[in-house]
Engineer: 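Got a structure here, written out as structure tokens. Questions coming.
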Amino acid sequence: MSRPIILGIVGDSAAGKTTLTKGIAQVLGPENVTVICTDDYHKYDRKQRAEIGITALHPDCNYLDIMQQHLSQLRTGQPILKPVYSHTTGSFEPPVYIKPNKFVIVEGLLGYSTRGARDSYDVKVYLAPPESVRAQWKVKRDTQKRGYTEEQVLEELRKREPDSEQFIRPQRQWSDIVVSFYPPNDEVEQINGHLNVRLVLRPTIPHPDFLQIINYGDGHLESAIRLGLDRDMSKPVDVLEVDGHATLEQVNKLEHIICGDMPHLKSICDREGNPELGKVAGTTGETIQSYPLALTQLLITYHMLKATQNYQ
Ligand SMILES: Nc1ncnc2c1ncn2[C@@H]1O[C@H](COP(=O)(O)OP(=O)(O)OP(=O)(O)O)[C@@H](O)[C@H]1O
Ligand SMILES: O=C(CO)[C@H](O)[C@H](O)COP(=O)(O)O
């Protein structure tokens with residue numbers, strides 16, 4: 001059976017969904033990937049939300065039923081007529097006709113909030129940076145790209161917190177992988193550059209055999225790459241951590257484990273052959289290369305390629 005492979009990337013505003021998506025789409029080949037942002041399913045424009053007093057995070061502020069219908073259609077390879085919300089103007093634009101490519105990446109705020117939507121994905125990722133980091137990212141992005149002042153963004157974050165708690169963060173439980181980029185030693189003011197990543201790996205999909213890290217002697221607490229067991233939302237999980245200061249040699253070992261069991265896809269599943277992997281915009285607009293981000297993107301790409309072996 002052949003059908004598109006669907007990846008979900010869910011998380012709060014400015015949690016890093018677009019950044020994660022870009023590298024993955026680049027590796028899979030932009031011509032093979034359809035990216036959908038579920039902000040397009042907002043029910044009200046910016047002005048209406050302010051008048052009603054509702055935030056974009058509330059389920060009632062989004063056409064989740066239509067989003068779910070569209071996801072089911074995309075999963076069976078059918079086209080959709082997708083609404084368009086513009087973050088530049090804060091209003092809606094004419095809908096666009098979209099025919100799904102081989103891979104579909106669906107990123108947004110409420111992608112796992114209904115059972116029907118959850119059933120549409122092959123791989124589900126949830127982004128959970130510490131709230132202090134997310135606030136910095138949101139201030140920077142919304143002041144530079146969406147025309148807000150810093151005070152407006154901070155006030156909006158404060159207003160949104162009850163909805164974040166009630167509607168966004170619980171979706172973490174439905175993900176196969178939880179991704180948290182965090183600064184070493186909680187140095188939030190130094191978030192530019194060398195962030196570590198903590199990957200919670202649920203047993204809901206088969207992950208590469210990272211136990212080999214321990215065989216390499218690199219899985220210990222003091223190493224820049226660590227593997228351990230933990231609980232997440234009370235369920236047992238594996239946890240893989242990669243420090244921003246991991247060396248090229250350590251990163252290459254991890255890449256070898258991720259891509260090692262699909263040799264025929266070596267040219268796709270390869271960090272060095274894909275220079276876009278791990279690229280992120282720094283605070284002053286400069287481009288930073290992050291190994292933890294590159295490896296996270298590679299692991300998610302691995303799962304999408306694995307899924308093609310079952311369905312394509
Ligand atoms: N892994 C990362 N390392 C460093 N900075 C990051 C990372 N991910 C995101 N950022 C920063 O945070 C900002 C917001 O990220 P991004 O636009 O990817 O979030 P988003 O979840 O797509 O937001 P929204 O849903 O509100 O559109 C980016 O401009 C980027 O500078
Ligand atoms: O939480 C968000 C996800 O991107 C946005 O704030 C929401 O989509 C509304 O957009 P805008 O602030 O541009 O009106």
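All values reported here derive from a predicted model rather than from experimental measurement. Ligands are counted one by one from 1 in listed order, and the atoms in each one are counted from 1 as well.
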Engineer: Looking only at heavy atoms, what is the nearest atom pair of F181 and T296, with distance?
Structural biologist: CZ-OG1, 4.0 Å
Engineer: Return the residue, atom name and 0.1 Å-rounded distance of the protein heavy atom closest to atom 9 (C) of ligand 2.
Structural biologist: R49 NH2, 3.2 Å
Engineer: Are any of the N/O atoms in A15 less than 3.5 Å from those in ligand 1?
Structural biologist: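 Yes, there is a polar N/O contact under 3.5 Å.
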Engineer: Can you tell me if E156 contacts ligand 2 (heavy atom of the residue under 4.0 Å from the ligand)?
Structural biologist: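 Checking ligand 2 against E156, which is what was asked, there is no heavy-atom contact under 4.0 Å.
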Engineer: Who are the ring-ring contact (aromatic ring centres under 6.0 Å, His included) partners of Y126, not counting sequence neighbours?
Structural biologist: none
Engineer: Can you tell me if H207 and D238 form a side-chain donor-acceptor pair at under 3.5 Å?
Structural biologist: no
Engineer: Below 4.0 angstrom from a heavy atom of A56, which ligand 2 atoms are there? Numbered from 1 as shown, please.
Structural biologist: 7 (C)
Engineer: Among Y148, Y44, Y41, which one has a heavy atom closest to atom 12 (O) of ligand 2?
Structural biologist: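 That would be Y148.
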Engineer: Do me a favour and list the nearest non-hydrogen protein atom to atom 3 (C) of ligand 2 with residue, atom name and distance?
Structural biologist: D39 OD2, 3.3 Å
Engineer: Report the part of K140 in contact with ligand 1, treating N, CA, C, O as backbone and CB onward as side chain, heavy atoms under 4.0 Å; options are side chain, backbone, both, neither.
Structural biologist: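 Contact part for K140 vs ligand 1: side chain (C-beta onward).
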Engineer: Please state which protein non-hydrogen atom is closest to atom 2 (C) of ligand 2 and give its distance, to 0.1 Å?
Structural biologist: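 Ranking protein heavy atoms by distance from atom 2 (C) of ligand 2, first comes S13 OG, 3.5 Å.
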Engineer: Counting heavy atoms only, which part of L195 comes closer than 4.0 Å to ligand 1: side chain, backbone, both or neither?
Structural biologist: side chain
Engineer: Taking the minimum heavy-atom distance to atom 10 (O) of ligand 2, which of K138, R160, H87 ranks first?
Structural biologist: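 The nearest heavy atom belongs to H87.
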Engineer: Identify, by atom number and element, the atoms of ligand 1 in contact range of S13, meaning under 4.0 Å from any of its heavy atoms.
Structural biologist: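 Answer, ordered by atom number: 26 (O).
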Engineer: For ligand 1, is G11 a contact, meaning one of its heavy atoms is under 4.0 Å away?
Structural biologist: no
Engineer: Determine the minimum heavy-atom distance between Q289 and P275, stating which atoms define it.
Structural biologist: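 Shortest heavy-atom separation between Q289 and P275 comes out as OE1-O, 3.7 Å.
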Engineer: With backbone taken as N, CA, C and O and side chain as the heavy atoms from C-beta onward, which portion of T19 lies under 4.0 Å from ligand 1: side chain, backbone, both, or neither?
Structural biologist: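 Both backbone and side chain.
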Engineer: Which atoms from ligand 2 have a heavy atom of R146 less than 4.0 Å away?
Structural biologist: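 Heavy-atom distances to R146 below 4.0 Å select 4 (O), 5 (C), 13 (O).
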Engineer: Any nitrogen or oxygen of L293, side chain or backbone, less than 3.5 Å from one on ligand 1?
Structural biologist: no
Engineer: Evaluate side-chain contact (heavy atoms from CB on, under 4.5 Å) for N101 paired with V33, printing each intermediate quantity in order.
Structural biologist: CA-CA 5 Å; N101 286 313; V33 181; 5.6 Å; no
Engineer: For the pair Y41 and H70, name the ring-plane relationship: parallel under 30°, tilted 30 to 60°, perpendicular over 60°.
Structural biologist: perpendicular
Engineer: Starting from atom 8 (O) of ligand 2, find the nearest protein heavy-atom neighbour and note its residue, name and distance.
Structural biologist: H42 NE2, 2.6 Å
Engineer: At under 4.0 Å between heavy atoms, is it the side chain or the backbone of K17 that contacts ligand 1, or both, or neither?
Structural biologist: both
Engineer: Please round to the nearest 0.5 Å and tell me the distance separating atom NE2 of H87 and atom CG of D142.
Structural biologist: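 So the gap between those two atoms works out to 9.0 Å.
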Engineer: Please check: side-chain N/O of R134 versus main-chain N/O of S13, any donor-acceptor pairing under 3.5 Å?
Structural biologist: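 Looks like yes, one N/O pair under 3.5 Å.
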Engineer: For a side-chain contact (heavy atoms from CB on, under 4.5 Å) with E255, tell me which candidate from L298, L277, L299 qualifies.
Structural biologist: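 By the side-chain contact (heavy atoms from CB on, under 4.5 Å) criterion, E255 pairs with just one of L298, L277, L299: L298.
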Engineer: Under the 3.5 angstrom rule, does the side chain of R202 hit a backbone N or O of S175 as a donor-acceptor pair?
Structural biologist: yes
Engineer: What atoms of ligand 2 come within less than 4.0 Å of a heavy atom belonging to R46?
Structural biologist: 11 (P), 13 (O), 14 (O)
Engineer: I need the contact type for R146 against ligand 1. Using non-hydrogen atoms and a strict under-4.0 Å cut-off, is it side chain, backbone, both or neither?
Structural biologist: side chain
Engineer: With a sphere of 6.0 Å drawn around NZ of K43, does it hold more than 12 non-hydrogen atoms of other residues, nucleotides or ligands?
Structural biologist: yes
Engineer: So, T247 versus E249: side-chain donor-acceptor pair below 3.5 Å or not?
Structural biologist: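 On atom types as modelled, these side chains do not qualify, holding no pair under 3.5 Å.
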